[in-house]
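One structure is given below, encoded as structure tokens.
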2 protein chains.
Amino acid sequence: MALEHAILVSLLEQPGSGYELARRFERSIGYFWTATHQQIYRVLKRMESDGLLDVRDVPQERRPDKKEYSVAGPGRTALSGWLHEPIEPESLRHDLAVKIRGAAFDDPAALLDEVERHHRVHSDRLAHYLAGELRDFTGPGALGPLDAGQELQHVVLRGGIAYERMTVAWLDDVLTTLHRLGAADPRI
Amino acid sequence: MALEHAILVSLLEQPGSGYELARRFERSIGYFWTATHQQIYRVLKRMESDGLLDVRDVPQERRPDKKEYSVAGPGRTALSGWLHEPIEPESLRHDLAVKIRGAAFDDPAALLDEVERHHRVHSDRLAHYLAGELRDFTGPGALGPLDAGQELQHVVLRGGIAYERMTVAWLDDVLTTLHRLGAADPRI
DNA sequence: TCGTTCTATGCAACTGGTTGCATAGCAAGT
DNA sequence: ACTTGCTATGCAACCAGTTGCATAGAACGA
């Protein structure tokens, strides 16, 4: 279960509450792992009772109190153990590809709107990643010489950028193909 | 649940048994959707009892009998309905990226073997996809003018190729980064 | 004849993750 | 006063998918 490990990494980078983790999973960590707040709260509770995490009640002004989690010794050990285990290279699960092949048995042109919508989402993500890279790594106000952790964060971000760039280019290809099929189809 | 829809598409392209579907999910369809045989058998059974599929007992010589499934009318309707519904652009779940960020809290160089292994797997997949493209679409013995279904299969395959190419290039980047960090680290 | 491999199907138990709902403090606007 | 919105946490029910195991016919080689 990689969610545990993603949480360990995130809490090592910066301790925080379940709520804060959920927001990180919509941002940086979430670029390559997603989780809902319910799932996060449940896993945090289990990890704490397994001794992987420490909790601390933090009273706050102007907002409800929170529980701040941080990684305990056994949590670090567990992460280290996982890092040394091999994992399976993951396989894609790409709904849109299923749809595109399915369109052969329906009207291909009906997919145009859907593909354009996905194109916009991925273009936006790409722009967002590039802005983050500029801010943190390559821009004028960016960090100076990077430590290992920052280098690794950057190479992961470059992976996200490469993925979104590739996806946008492929969706262009899909759109061209759909238009070509539509032009050849007198129904359109 | 996209497994149902992936099965509908696959059975429309070619009727077959659960066993045959499981093998297709290791090949063409499996490039962008995976499923185990247990999951496939269970879903087939449900889809059949829901009236989406027809079954036919096929006695075979030299091997056990099989049940051949094909798409029934309501199955086609269900697929068509799904094709016209919008779906969420999917987000990545990339264990290796979690590991790479986690390596900052362990020994980055220890990841080299793992990353190289993933690199080999993705290079192999790329070669496999390219061979399939040459055989079916771009080579001398390939199909002549393509119909819409074949065009769509090709554009999905091009997506797989683009994904694997991008991944291999990114893993090169990761390896370079890990080597750089290792060289700067007196432990190595 | 015995083990292995391939085709072919399936059950049971479990895990991970989603969805829907609920609660509560506090701030800011209308 | 009322609503909206953000922070913050959680339960319960459900669903999808994995893992481990089991069965069985047939081919094939040692």
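Quick note: numbers below take in every heavy atom, side chains included, and nothing from hydrogens, waters or symmetry partners. Here is the naming used below: chain letters follow the sequence lines, and residue numbers restart at 1 for every chain.
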Distance test, side-chain N/O of Lys67(B) to OP1/OP2 of dG10(C), below 4.0 Å: yes

Selected nucleotide, minimal atom distance to Arg23(B) side chain, candidates dT7(C), dA8(D), dG10(D): dT7(C)

Qualifying side chain to side chain donor-acceptor pair (under 3.5 Å) pairs with a residue from residues 39-57 of chain A, counting only residues at least two apart or across chains: Glu4(A)-Arg46(A), Arg56(A)-Glu68(A)

His37(A) NE2 to dT23(C) P, straight-line distance once rounded to whole Å: 14 Å

Salt bridge present between Glu13(B) and Arg24(B) (N-O < 4.0 angstrom): no

Non-hydrogen side-chain atoms of Arg120(A) and Pro89(B) separated by less than 4.5 Å: no

Partner set under ring-ring contact (aromatic ring centres under 6.0 Å, His included) for Tyr129(A), not counting sequence neighbours: Tyr31(A)

Euclidean distance, atom CD of residue Glu4(A) to atom P of dG16(C) [Å, nearest integer]: 8 Å

Distance below 4.0 Å between Tyr41(B) side-chain N/O and dT9(C) OP1 or OP2: yes

No-hydrogen, no-angle side-chain donor-acceptor test under 3.5 Å, His84(B) and Asp106(A): yes

Under 3.5 Å, which protein N or O atoms sit close to an N or O of nucleotides 24-29 of chain D? Give each pair with its distance.
none

Glu114(A)/Arg117(A) under salt bridge (Lys or Arg N to Asp or Glu O under 4.0 Å): CA gap, chis, key distance, verdict: CA-CA 5 Å; Glu114(A) 176 84 331; Arg117(A) 197 168 56 83; 2.8 Å; yes

Check ion pair Glu20(B)-Lys66(B) (N to O, under 4.0 angstrom): yes

Heavy-atom protein contacts under 4.0 Å, nucleotides 12-19 of chain D, coded B base, S sugar-phosphate only, - none: BB--SBBB

Interatomic distance where NZ belongs to Lys45(B) and C1' belongs to dA12(C) [whole Å]: 14 Å

List the atom pairs, donor and acceptor, that lie under 3.5 Å between side-chain atoms in residues 157-167 of chain B and the rest of the protein, sequence neighbours left out.
{"from": "Arg158(B)", "atom 1": "NE", "to": "Asp173(A)", "atom 2": "OD2", "distance (Å)": "2.7"}
{"from": "Arg158(B)", "atom 1": "NH1", "to": "His154(B)", "atom 2": "ND1", "distance (Å)": "3.1"}
{"from": "Arg158(B)", "atom 1": "NH2", "to": "Asp173(A)", "atom 2": "OD1", "distance (Å)": "2.9"}
{"from": "Arg158(B)", "atom 1": "NH2", "to": "Asp173(A)", "atom 2": "OD2", "distance (Å)": "3.4"}
{"from": "Arg158(B)", "atom 1": "NH2", "to": "Thr177(A)", "atom 2": "OG1", "distance (Å)": "3.2"}
{"from": "Glu164(B)", "atom 1": "OE1", "to": "His122(B)", "atom 2": "ND1", "distance (Å)": "2.6"}
{"from": "Thr167(B)", "atom 1": "OG1", "to": "Tyr163(B)", "atom 2": "O", "distance (Å)": "2.8"}

Distance, rounded to the nearest Å, where Leu44(B) contributes CG and dG10(C) contributes P: 9 Å

Sorted by number, the residues of residues 79-88 of chain B with heavy-atom contact under 4.0 Å to DNA chain D: none

Transitive ILVMFWY side-chain link Leu175(B) to Leu111(B), under 4.5 Å: yes

Heavy-atom check, side chain of Trp82(B) versus side chain of Val98(A), under 4.5 Å: yes

Contact under 4.0 Å: Ser17(B) side-chain N or O vs dT9(C) OP1/OP2: yes

More than 12 heavy atoms from other groups under 6.0 Å of CZ on Arg93(A): yes

Distance in angstrom units between Glu68(B) CD and dT9(C) C1', rounded: 16 Å

Rounded distance (nearest 0.5 Å) linking atom CD of Glu90(A) with atom CG of Leu96(B): 6.5 Å

Side-chain N or O of Tyr19(B) closer than 4.0 Å to phosphate OP1/OP2 of dT9(C): no

Interatomic distance, Leu21(B) CG vs dT7(C) P [rounded to whole Å]: 15 Å

Separation of dC26(C) C1' from Lys66(A) NZ (nearest whole Å): 16 Å

